Amino acid sequence: NPYTGLVSRLRAAWLSGKTRPMEYRVAQLEALGRFLDEKKQDILEATASDMRKPSFEAYFSEILLCKNELNDTLNNLSCWMKDEHVEKSLVTQLDSVFIRKDPYGVVLIIAPWNYPIHLFLVPLIGAIAAGNCVIVKPSEITKNTERLVAEVLPCYLDNDCFAVVTAGVEETTKLLENKFDYIFFTGIPSVGRIVMTAAAKHLTPVTLELGGKNPCYVSDSCEVQNVARRVAWGRFFNAGQTCVAPDYILCSVEMQEKLLPALREAITEFYGPNPQESPDFARIVGDKQFQRVQALLSSGRMAIGGQTDEQERYIAPTVLADVQPSDPAMQEEIFGPILPIVVMASMDEAIDFINARPRPLALYVFSSDSKVVKEVLERTSSGDFCGNDTVMHVTLTSLPFGGIGNSGLGRYHGKFTFDTFTHLRSCLHRNMGLEAINALRYPPYSQQKLGLLTATFEIKRKGMCTLL
Amino acid sequence: MERMKQAVERARAAFKSGRCRSLEFRIRQLKALERMVHEREEEILAAIEADLHKCGHNAYSHEILGVLGELALAVDKLPSWAAPQPVKRNLLTLRDEAYVHPEPLGVVLIIGAWNYPFVLVMQPLIGAIAAGGDPSVPAALGAVGEERGGSPSCRVCLLGNAVVVKPSEISEHTAQLVADLLPKYIDPELYPVVTGGVAETTELLTQRFDHIFYTGNSAVGKIVMAAAAKHLTPVTLELGGKSPCYIDKDCDLAVACRRITWGKYMNCGQTCIAPDYILCDASIQDKVVENIKTTLQEFYGEDVKRSPDYERIINKRHFQRVLALLEGQKIAHGGEADEASCFIAPTILTDVSPEAKVMEEEIFGPVLPIVTVRSVDEAIEFINRREKPLALYVFSNNKKLIKRVISETSSGGVTANDVIMHYFLATLPFGGVGNSGMGAYHGRHSFETFSHRRACLIKALKMEGANKLRYPPSSQKKVDWAKFFLLKRFNKGRVGLVVLALLGVVAAVVIKVSLG
C-alpha cells in the first residue's frame, strides 16, 4: 500500500506527543492564517482557473469565512482545550471529576471541488486545534487548487505531523485501506457510503458532510422581491455548485406567477442582461458535470435563462416553471444554476412532499408569517434550517453545520469542529482514603448495606431530600 | 425473518403517524418504565439470577439502581434538554433568531449485551425515548404573547423516536422478560422488542435505521458499522478491550488491591470496564497477590463456590474460552473450575508474558494476569502499543504520576485510585475510543446521542439593505463592508453589544442609501 509509510510516519509523530502542547497548535494555526493572507492572490487565481470562480465569491467563501473560523478558534482555543469539570455525586465529593479533551491521533480529511480551499481548511483548523496529526486529500478535479495546496501548504505546516496527498479515485481507495483515527469526508452520499464502509473495517469514527435536494418553500404571504433576491443569490452563487443551495422551490401557482418576474429582475440586477459576460458568475467545474447538469434542463417549462455554452461550460442562471416531480431536475441534486419551481396546492402538500423524500442538508422557508415558518420547522426534518434567507446559516460559527440521514452525519464549524476531532475522555481521580465508605459496595452483601448504598448512589427526583 | 422487517416497518409507521409525541407523552413513557422497575423488581432480579447466578443485592445495585437513577434524571431534566438553545450571533444576524433545535432521529435500534442484560438495554432505551424536542417552548427569547401549547396543526409531530429493542439472546431469561414486560408498560408499536440470535440480528441489520446503538465486542461492532454504512446510519458502539491497571510502587497496596479485587471479580469478571490485567514492578508483585488473596477471603469466605455473592460464567462456550487462557500460566491463586455450574474460581496469574494468549484478547472472566514492568515509562509504552482500551486505571499516591499517565495515553475513560467508578457519574460521558468504541451515553449524553441538533436561523424578510453588500455585482466597497460585518478579528477587544447593534443599524442605513 503506497500510503502505509506516510501514515506510520505521522502516527510515530503523534505518539511522540508533538501536537499536544497549546503553543504548538497555535503556531500551526497562525501559519494557516499566514497561508490565507500571503497566498490570497494565488487562491483567487487558482479557483478562477479551475471554475471561473468570481473573485468576490472566492474571497468570501475561500478566504473570509476561513479566517473567521481561524480567529474564532485562536480566540477560544485555551478555553476549549481545558479539562471540563462536571457535577459530582455524593460519593465523589472529595474526588476530581472532569472530561479530558483528547485528540484522536492521525486523522484524514477528504475535500470536494466546489469550495476547494474552504472545505479542507475549516476541518483542518479544528483537527489541528484538537491536537491531531492530519492528512489532507484535496479534490483532484480542481487541478490548479490541488497543485497549489500540495505545493504550498507544506511550506507553512510542520511536515512531521501534517501531509497533503494528491490522489484520484483509485489511490483514494488505497488510502482508505489504512487505519485512521478519524475520517472527515465532504462529498456525495454514494461515496460517503464507501468511506464509512472502509472506516468500519478499523472502527474509525467518521463525519460525513453529504448533500441532497434542499427544498425551499415560499408561502403566499411574503415580500416577493426580497425572496427572489435571497433565493437567486443562494441558488446561483458558484453557479449553483453549493451543497446548501436552495435546490428547488415549492409554492402555489399564484406565487409562481409573482416569483418569475421577480427572479428575472434579481438575476438581471446581479449579472446584467447577459450573465455570460458578468465577471460575477461562475462556470461548471468540468465537462462531465456540465453534461449532467445540461441534461436536467428538459424539465417543466423554461421560464428564465436556459442558454448554454459548452466551450466555456457556461449554463445561464435558469428558472424552470411547472416542474413535475417525475422530471429529470427532480431526480437528483442539481448542483448547477437551475432553479425548478414545483407547484403545490397548500402548505400541507408541500410538507408532505418534503417528508416523502430523503432528509436534506438544508431546508428553507420564506414567509412574513412567523407561524408558517415555525410550523414547517416543526413538521419536517433536515440537517439545518433557515427561515427567510438561504445559505447564511453556515456563516454563523456558533451554529452546528451538518446533515441527517442521507445528507450526512456529524457536524462542524466553530467549536463544533474542535469537538468533532476530540475524544471526550471521562476522568475520575479518587482519594485513596475514606475506604470505610467504599465498604458499602463490597461483598459479602446484605440488605443493610444495600439500603445505605441506595441512599448514597441514587439520583432522586428534585423536591425530595437529596444530598446529591 | 419477516418478523424483523415487519417490526421495523410498524415502528417507522408509528413514528410517522399522526400521534402527537409531545414532551408529556415521552415523560409518561419514562414514568411507566419507573413503575415497571418498581412493580416487577422481583421478576427482574430472578431473571438476572437465572442468567448469571447473580444474587438479588448484587443485581439490584448493578442493574436496577442505575436504571432508576437515569429515569429520575431524565424525567427531571427532559424539559431543559429538549428546549431550543439560543446561540451567539454576529453583527449581521443580531436581529435574527439563531438557535439549536433538538429533534428525534427517527427509528433507532438498540442491541443489548448479555453481561448486564437489563441495564444495558434500559439505559440506552431511556435516552432514545427521551430524545427529541418540545414545540411548546417558544424558540425566540423574549417572544411576547406566544402561548404555550402545541404548534397550530400538530398533525404530524415528529418529536420523539421509535425504538426497536433487541436484547441479547445469550442472557435468555432477561431477554424473554424484557420482551414480556416492555409492551405491558410502554407503547408496543413505537417501542417493539424483537428477540432472536445471530441470524435474526443479521436480518434486522439489513433494515434502515436512523441510529444504531450496539453494546458488545469489537468484531461484531465492525459488522454493525458496515451494515450501518449501507444506509449512512450513525452508530454508537460500546465495545471493549483490555483495560490496563497500573499499580505504582508508591501507593497504599491494601486499599488499591481491595478496590481492584472488587472491580475485577464482580459479575465473575464479565464487565466491560473490569481491570483486565495489572502492570506493576516485580518487587511488589508478591504483595499484590497477597493483598488480593486476603480481600478475596474477606469478600467470598473460605469456599468461594458457596458464597451467594459470587457469580458464574454465562455459558459453556465462554467457560471453555476463559479456562483455555490458563494453559501454561503460573497460577498464584485459584484456577479451580467446574464445568457443570460454569464456575471458575477467582484466579491470579503472575509473571505473565506479553505474548501469552491471556494477553491477546479481552479476558471477560475472573482471571487476573500480572505483567511486570520496570517503570511507569515502560507501562505507558506497553499501553500505547496496544489498542485503545475502554477504561484505564492507575493507582498511586503521586498526583504528578497519575497526571502523566492520563496525559500520555488514550482510553475511553479513566478512574485513578479506584476502578469502575467513572461509570456511575451521569455527568460523565461513558464510551470508548478506537477499538473500544465510538460515541458515548449516560445522563444528558444519552439524550444527545439519540437527538438531532438542528441549527436554525430565522431572519426577517425586511432589512434587505444589509443584504445588498453580498449580492453581485461586486465591488471593492462591498468587499470592505463584508469584512467589517463578518470578519472576526483575532483578539478583538470587547465591544458592547449595544454599540455593535447601533453600528449595525447605522451601517445598514448607510449601505441602503449608498447602494440603493
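So that the names make sense, note that chain A is the first sequence line, chain B the second, and so on, each numbered from 1. This structure is a prediction, so every number in the text was calculated from the model and none was measured.
Looking at A:His429, both its backbone and its side chain come within 4.5 Å of chain B, counting heavy atoms on both sides. When heavy atoms are compared at a cutoff of 4.5 Å, B:Ser411 approaches chain A by way of both its backbone and its side chain. Using a 4.5 Å cut-off between heavy atoms, B:Ala226 touches chain A through backbone and side chain atoms alike. Residue B:Ile406 touches chain A through both its backbone and its side chain, counting heavy-atom pairs closer than 4.5 Å. Heavy atoms of B:Ile402 lying under 4.5 Å from chain A belong exclusively to its side chain. Both the backbone and the side chain of B:His57 come within contact range of chain A, judged by heavy atoms closer than 4.5 Å. At a 4.5 Å heavy-atom cutoff, B:Glu381 makes no contact with chain A through either its backbone or its side chain. With a 4.5 Å cut-off on non-hydrogen atoms, A:Ala199 touches chain B through its backbone and its side chain both. For chain A, no part of B:Tyr310 is nearby; none of its heavy atoms comes within less than 4.5 Å. In this structure, chain A has heavy atoms under 4.5 Å from both the backbone and the side chain of B:Met225. Only the side chain of B:Arg208 comes within contact range of chain A, judged by heavy atoms closer than 4.5 Å. Proximity to chain B (any heavy atom under 4.5 Å) is restricted, for A:Asp181, to the side chain, taken from C-beta onward. Both the backbone and the side chain of B:Lys222 come within less than 4.5 Å of a heavy atom of chain A. With a threshold of 4.5 angstrom between heavy atoms, A:Glu269 approaches chain B through N, CA, C or O but not through any side-chain atom. When heavy atoms are compared at a cutoff of 4.5 Å, B:Ala228 approaches chain A by way of both its backbone and its side chain. Of the two parts of B:Gln85, neither the backbone nor the side chain holds a non-hydrogen atom closer than 4.5 Å to a non-hydrogen atom of chain A. Both the backbone and the side chain of B:Leu105 come within contact range of chain A, judged by heavy atoms closer than 4.5 Å. Residue contact with chain B, scored on non-hydrogen atoms closer than 4.5 Å, involves the side chain of A:Asn438 exclusively. Interface residue B:Ser410: backbone and side-chain heavy atoms are both found under 4.5 Å from chain A.
Between chain B and the residues A:Gly383, A:Ala362, A:Gly17, A:Ser368, the most heavy-atom pairs under 4.5 angstrom are made by A:Gly383. Note on B:Leu92, B:Leu232, B:Val87: by heavy-atom pairs under 4.5 Å with chain A, the leading option is B:Leu232. Most heavy-atom pairs under 4.5 Å with chain A, from the set B:Ile458, B:Asp309, B:Asn397, B:Thr261: that is B:Asp309. The residue among A:Thr197, A:Leu377, A:Val86, A:Leu15 with the most heavy atom pairs within less than 4.5 Å of chain B is A:Leu377. The most heavy-atom pairs under 4.5 Å with chain B, out of A:Leu409, A:Asp280, A:Leu210, come from A:Asp280. The candidate from B:Glu298, B:Glu408, B:Lys459, B:Lys230 with the greatest count of non-hydrogen atom pairs under 4.5 Å with chain A is B:Lys459. Here B:Val433 is the residue among B:Val394, B:Val433, B:Asn435 with the most heavy-atom pairs under 4.5 Å with chain A. Chain B forms more heavy-atom pairs under 4.5 Å with one residue of A:Ile351, A:Thr204, A:Leu208 than with any other, namely A:Thr204. Contact count against chain A (heavy-atom pairs under 4.5 Å) is highest for B:Leu461 among B:Leu461, B:Asn417, B:Thr427. When B:His452, B:His422, B:His211, B:Met438 are compared by the number of non-hydrogen pairs under 4.5 Å with chain A, B:His452 comes out ahead. Of the listed residues (A:Ser382, A:Gly192, A:Gly272, A:Pro54), the greatest number of heavy-atom pairs within a distance under 4.5 Å of chain B belongs to A:Ser382. Considering only heavy-atom pairs separated by less than 4.5 Å from chain B, the leading option among A:His202, A:Arg20, A:Arg229 is A:Arg229.
If you take OG1 on B:Thr415 and CG on A:Asp95, they are separated by 9.5 Å, rounding to the nearest 0.5 Å. Expressed to the nearest 0.5 Å, how far CG of B:Asp96 lies from SG of A:Cys386 amounts to 8.5 Å. For the atom pair CG of B:Leu457 and OH of A:Tyr364, the computed distance is 10.0 Å after rounding to the nearest 0.5 Å. A:Leu428 contributes atom CG, which lies 6.0 Å from atom CG of B:Leu425 (distance to the nearest 0.5 angstrom). Separation of atoms CG (B:Asn90) and OG (A:Ser398) is listed at 7.5 Å; rounding is to 0.5 Å. The NZ atom of B:Lys399 sits 8.5 Å away from atom OG of A:Ser96, with the distance rounded to the nearest 0.5 Å.
Here the closest non-hydrogen pair linking B:Ala256 and A:Met432 is CB-CE, 4.3 Å. Nearest heavy-atom pair, B:Ala455 versus A:Pro400, reported as atom, atom and distance to 0.1 Å: CB-O, 3.1 Å. Minimum heavy-atom separation, B:Ala229 to A:Arg193: O-CG, 3.2 Å.
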**Message:** Checking A:Tyr442 against B:Met266 for the side-chain contact (heavy atoms from CB on, under 4.5 Å) test, could you report, in this order, the C-alpha distance in whole Å, the side-chain angles of both residues, the deciding distance, and whether it holds?
**Reply:** CA-CA 9 Å; A:Tyr442 299 144; B:Met266 68 163 44; over 6 Å; no
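Proximity of a side-chain donor or acceptor of A:Arg441 to a complementary backbone N or O of B:Ser61 within less than 3.5 Å is not detected. B:Arg454 contributes no side-chain N or O that, together with a main-chain N or O of A:Ile404, makes up a donor-acceptor pair within less than 3.5 Å. A donor-acceptor pair under 3.5 Å is absent between the side-chain atoms of A:His393 and the main chain of B:Cys456, judged by distance alone.
Taking 4.5 Å as the limit, every side-chain heavy atom of A:Ser89 sits out of range of all side-chain heavy atoms of B:Phe424. Contact of the B:Pro472 side chain with the A:Tyr271 side chain is registered, since non-hydrogen atoms from C-beta on lie closer than 4.5 Å. When side chains are defined from C-beta on, A:Ile99 counts as touching B:Leu428, because their heavy atoms get closer than 4.5 Å. Proximity of A:Leu424 to B:His445: side-chain heavy atoms (C-beta onward) are nowhere separated by under 4.5 Å. Contact check for B:Ser407 versus A:Arg100: side-chain heavy atoms found under the 4.5 Å cut-off. A heavy-atom distance below 4.5 Å is found between the side chains of A:Trp233 and B:Arg470.
No option in A:Phe60, A:Phe56, A:Phe270 other than A:Phe270 meets the ring pair (Phe, Tyr, Trp, His ring centres under 6.0 Å) test with B:Tyr471.
With respect to B:Glu103 and A:Arg359, no salt bridge is recorded, no charged nitrogen being found less than 4.0 Å from a carboxylate O. Of the charged side-chain nitrogens involved, none lies within less than 4.0 Å of a carboxylate oxygen, so that B:Lys388 and A:Asp102 do not count as a salt-bridged pair.
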